[in-house]
**Q** 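Can you keep this structure in mind? I'll have questions shortly.
Throughout, protein chains are lettered first and strands after them, A, B, ... in sequence-line order, and every chain is numbered starting at 1.
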Amino acid sequence: MLDLKLLQNNFEDIAKKLRKKGLKEDVLKELKRLFITLKEQRAKLEALQAKKNEKSKLFPIYKKEQKDISKLKKELDEIKESIIFEQNEVNRLEKELEEYALNIPNIPDDEVPEGKDEEDNIEIKRVLTPKEFSFEPKEHWELAQELDWIDFKRGVKLAKSRFSVLKNGAAKLERALINYMLDFNTKRGFSEVCVPYIVNKDSMLGTGQLPKFEDDLFKIEDEKLYLIPTAEVPLTNLYRDEILKEDELPILMTSYSACFRKEAGSAGRDTRGIIRQHQFDKVELVSITKPEQSDEVFDKMVECASDLLTSLALPHRLVMLCGGDLGFGATKTIDLEVWLPGQGKYREISSVSNTRDFQARRAKIRYKEGKKNRLVHTLNGSSLAVGRTLIAIMENYQQEDGTIAIPEVLKEYL
RNA sequence: GGACAGGUGGGUGAGCUGGCUGAAACCACAUCCCUGCUAAGGAUGCGUACUGGCAACGGUACCGAGGGUUCGAAUCCCUCCCUGUCCGCCA
């Protein structure tokens, strides 16, 4: 959520920055108006409440002195009536304000480039050079079918489209990759955590999936619970409504989880293979930091994911997302895209974002600095999407005879 | 899922025959004093959010959540959520 006080005081600045994300200024104007109106309305209400409290305190005194209380009672009744009226007004404004505020995206950093969509993202650097194949490299789904590694048809039978079943080498590689990634991240100082895959509404609100993106989530009927779209949700919400100690920070975590996404709006995209599934495995990094630590930790997370790819000898590039492509809660995002020789393209395999205090404000994650409570910064990033890593290995390590070589570092995990 | 017992500040835990309780006491924590050594004693401070004020210091709300009764609720009533114990079920 936006800092509404900041919006009140630096309206022009924030409006300008949010233009980068394609947000209309009218929305911000209305938000500011609501915020100020609510403040005034609250002051009115509180004055009445103060009066009520003061008068109510007279009752025991009157009783003691055996004075008549009926007049006082009548007075209070009138005050009460106006309180109810003003209270309703406050409630109405609060609801309206919340609806507005929760739907406004985070403010992009200054270094985030202008742009509309992924076309305008900026490549920062490339790591490793794609190798030349002496034959025509195949796409992962072709390889998977020939090797009997992935059963697409039966996945659909079990659930629906965009579900599949990993078998044989794919199943083993998937498991090896998860273990390897967790170990790798742990060595980099991220402590391993194992979280629930189902969370409640408050958690989804805390990290910003709700209220705006309900359509992207799998909801459990009659339970008011949701399947997580990423381990970022439970990991970040671990500290929701908590006040941390300063010396606990930064908290660096890594977790493997299955992720569930409805993929609303991506009909027709990546329908072949397992690039875009409703359920996929991911090893996630989440950090909770002091504000002044978050840039450094951000770099550390990007480096961790990139080094992980390098350790698997997978060519990739780093891309800075432009304003239009930036996610709802992020101030800055770097995507890692891995080279897929079968497709002849770089494809997203990791996304590292700094949300600064955006999630922290929603989720009320603070820490004590001296006597003051300050909002923390929260960061998240994949390290890595496991299914896509599997694809990358299949396509990059394929051999002329149709078999897949095994990356050196994974050998001890198989 | 059924029965009973509970949910109070960082923790333990009073209050729960309605007003003197935003909340005792103890512990933890912070600062200071004393003392001098592996420990003790004393003083003060110590919830959160919003809000007024340069500040000192005030105001409002919050005792699981949401409603209700009342001039007034942590305290009474209702609904929901959660925890514990026992039973049932189960990896």
**Q** Quantified in whole Å, what is the P atom distance between nucleotide B:G1 and nucleotide B:G59?
**A**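 Their P atoms lie roughly 47 Å apart.
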**Q** List for me each residue that meets salt bridge (charged side-chain N to carboxylate O under 4.0 Å, His left out) alongside A:Glu214, sequence neighbours excluded, and say none if there are none.
**A** A:Lys219
**Q** B:C57 and B:A30: how far apart are their P atoms, nearest whole angstrom?
**A** 24 Å
**Q** Without decimals, in angstroms, what is the distance between A:Lys368 NZ and B:U31 C1'?
**A**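 In whole Å, B:U31 C1' and A:Lys368 NZ are 16 Å from each other.
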**Q** Using the salt bridge (charged side-chain N to carboxylate O under 4.0 Å, His left out) rule, pick out the option among A:Lys16, A:Lys17, A:Arg19 that qualifies with A:Glu25.
**A** A:Arg19
**Q** Within a radius of less than 6.0 Å around CD of A:Glu81, do more than 12 heavy atoms belonging to other residues, nucleotides or ligands occur?
**A** no
**Q** Classify the nucleic acid contact of A:Lys71 as base, sugar-phosphate or nothing, counting any heavy atom under 4.0 Å across all strands shown.
**A** nothing
**Q** Could you give the side-chain donor-acceptor pairs of residues 404-412 of chain A under 3.5 Å, partners two or more places apart or in another chain?
**A**
from	atom 1	to	atom 2	distance (Å)
A:Glu408	OE1	A:Lys411	NZ	3.1

**Q** Whole-Å distance between B:C81 P and A:Glu223 CD?
**A**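 Between P of B:C81 and CD of A:Glu223: 10 Å.
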**Q** A:Ser203: which residues meet the side chain to side chain donor-acceptor pair (under 3.5 Å) condition with it, sequence neighbours left out?
**A**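 Applying side chain to side chain donor-acceptor pair (under 3.5 Å) to A:Ser203 gives A:Asn200, A:Arg240.
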**Q** How many Å lie between CG on A:Asp241 and C1' on B:C82, as a whole number?
**A**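 Roughly 15 Å, once rounded to whole Å.
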**Q** How many Å lie between NZ on A:Lys245 and P on B:A28, as a whole number?
**A** 14 Å
**Q** Name each donor-acceptor pair under 3.5 Å that joins a side chain in residues 330-338 of chain A to protein atoms two or more places apart or in another chain, with its distance.
**A**
from	atom 1	to	atom 2	distance (Å)
A:Thr331	OG1	A:Asp109	OD1	3.4
A:Thr331	OG1	A:Asn354	O	3.0
A:Thr331	OG1	A:Arg356	NE	3.3
A:Lys332	NZ	A:Glu111	OE2	3.2
A:Thr333	OG1	A:Ser353	OG	2.7
A:Asp335	OD1	A:Ser351	OG	2.7
A:Glu337	OE1	A:Arg317	NE	2.8
A:Glu337	OE1	A:Arg317	NH2	2.8

**Q** Could you pick out which residue, A:Lys224 or A:Ala47, lies toward the 5' side of RNA chain B when each is mapped onto its nearest nucleotide?
**A** A:Ala47
**Q** Which pairs, protein N/O on one side and nucleotides 62-72 of chain B N/O on the other, fall under 3.5 Å?
**A**
from	atom 1	to	atom 2	distance (Å)
B:C71	O2'	A:Ser56	OG	3.3

**Q** Between P on B:U60 and CD on A:Glu54, what's the gap in Å once rounded to a whole number?
**A**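 Value for this atom pair: 9 Å.
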**Q** Would one find a side-chain N or O of A:Asn53 under 4.0 angstrom from OP1 or OP2 of B:G19?
**A**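 Looking at the OP1 and OP2 atoms of B:G19, neither is under 4.0 Å from any side-chain N or O of A:Asn53.
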**Q** Let me check something: any side-chain donor-acceptor pairs from residues 47-63 of chain A under 3.5 Å, sequence neighbours excluded? List them with distances.
**A**
from	atom 1	to	atom 2	distance (Å)
A:Asn53	ND2	A:Gln49	O	3.4
A:Lys55	NZ	A:Glu75	OE2	2.5
A:Ser56	OG	A:Lys52	O	3.1

**Q** Please enumerate all residues that pass side-chain contact (heavy atoms from CB on, under 4.5 Å) together with A:Asp120, with sequence neighbours excluded.
**A** A:Lys116, A:Asp117, A:Cys322
**Q** Mind pulling the stems RNA chain B is in, i.e. runs of at least three Watson-Crick or G-U pairs, everything under 3.5 Å?
**A**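 Detected stem regions: B:1-7 with B:81-87, B:10-12 with B:25-27, B:29-33 with B:41-45, B:47-52 with B:57-62, B:64-68 with B:76-80.
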**Q** Given the P atoms of B:U12 and B:A28, what is the spacing between them in whole Å?
**A**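 15 Å, rounded to whole Å.
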**Q** Between B:C34 and B:G41, how far apart are the C1' atoms? Round to whole Å, please.
**A** 8 Å
**Q** When the P atoms of B:A65 and B:A74 are compared, how many Å lie between them, rounded to an integer?
**A**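 12 Å, rounded to whole Å.
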**Q** Checking contacts here: which listed nucleotide (B:G19, B:A61, B:G47) is nearest the side-chain heavy atoms of A:Pro60?
**A**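 Nearest to the side chain of A:Pro60 among the choices is B:G19.
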**Q** Can you tell me, in whole Å, how much space there is between the C1' of B:A24 and that of B:A14?
**A** 6 Å
**Q** With sequence neighbours left out, what residues match A:Asp148 under salt bridge (charged side-chain N to carboxylate O under 4.0 Å, His left out)?
**A**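 Listed in chain order: A:Lys167.
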**Q** Would you tabulate the nitrogen or oxygen pairs shorter than 3.5 Å linking the protein to nucleotides 49-57 of chain B?
**A**
from	atom 1	to	atom 2	distance (Å)
B:A49	OP1	A:Arg366	NH1	3.1
B:U51	OP2	A:Lys5	NZ	3.4

**Q** CE of A:Met301 to OG1 of A:Thr254: how many Å apart, nearest 0.5 Å?
**A**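 Atom-to-atom, A:Met301:CE and A:Thr254:OG1 are 9.0 Å apart.
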**Q** Salt bridge check, A:Lys138 against A:Glu146: does any charged N sit closer than 4.0 Å to a carboxylate O?
**A**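 A salt bridge is present here (some side-chain N lies under 4.0 Å from a carboxylate O).
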**Q** Using side chain to side chain donor-acceptor pair (under 3.5 Å) as the criterion, list what pairs up with A:Arg347, not counting sequence neighbours.
**A**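 Checked A:Arg347 against side chain to side chain donor-acceptor pair (under 3.5 Å); matches are A:Asp270, A:Gln343.
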**Q** For A:Pro234, enumerate each residue passing the side-chain contact (heavy atoms from CB on, under 4.5 Å) test, keeping only those at least two apart in sequence or located in another chain.
**A**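 Counting only residues at least two positions away or on another chain, A:Pro234 forms a side-chain contact (heavy atoms from CB on, under 4.5 Å) with A:Val195, A:Val199, A:Ile228.
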**Q** Taking atom C1' in both B:G10 and B:C29, what distance in whole Å separates the two?
**A** 8 Å
**Q** Can you measure A:Lys372 atom NZ to B:A30 atom C1' for me and round it to whole angstrom units?
**A** 17 Å
**Q** Round to a whole Å and report the spacing from CG of A:Asp202 to C1' of B:C82.
**A** 13 Å
**Q** Could you give the distance separating B:G15 and B:G6 at their P atoms, to the nearest angstrom?
**A** 12 Å
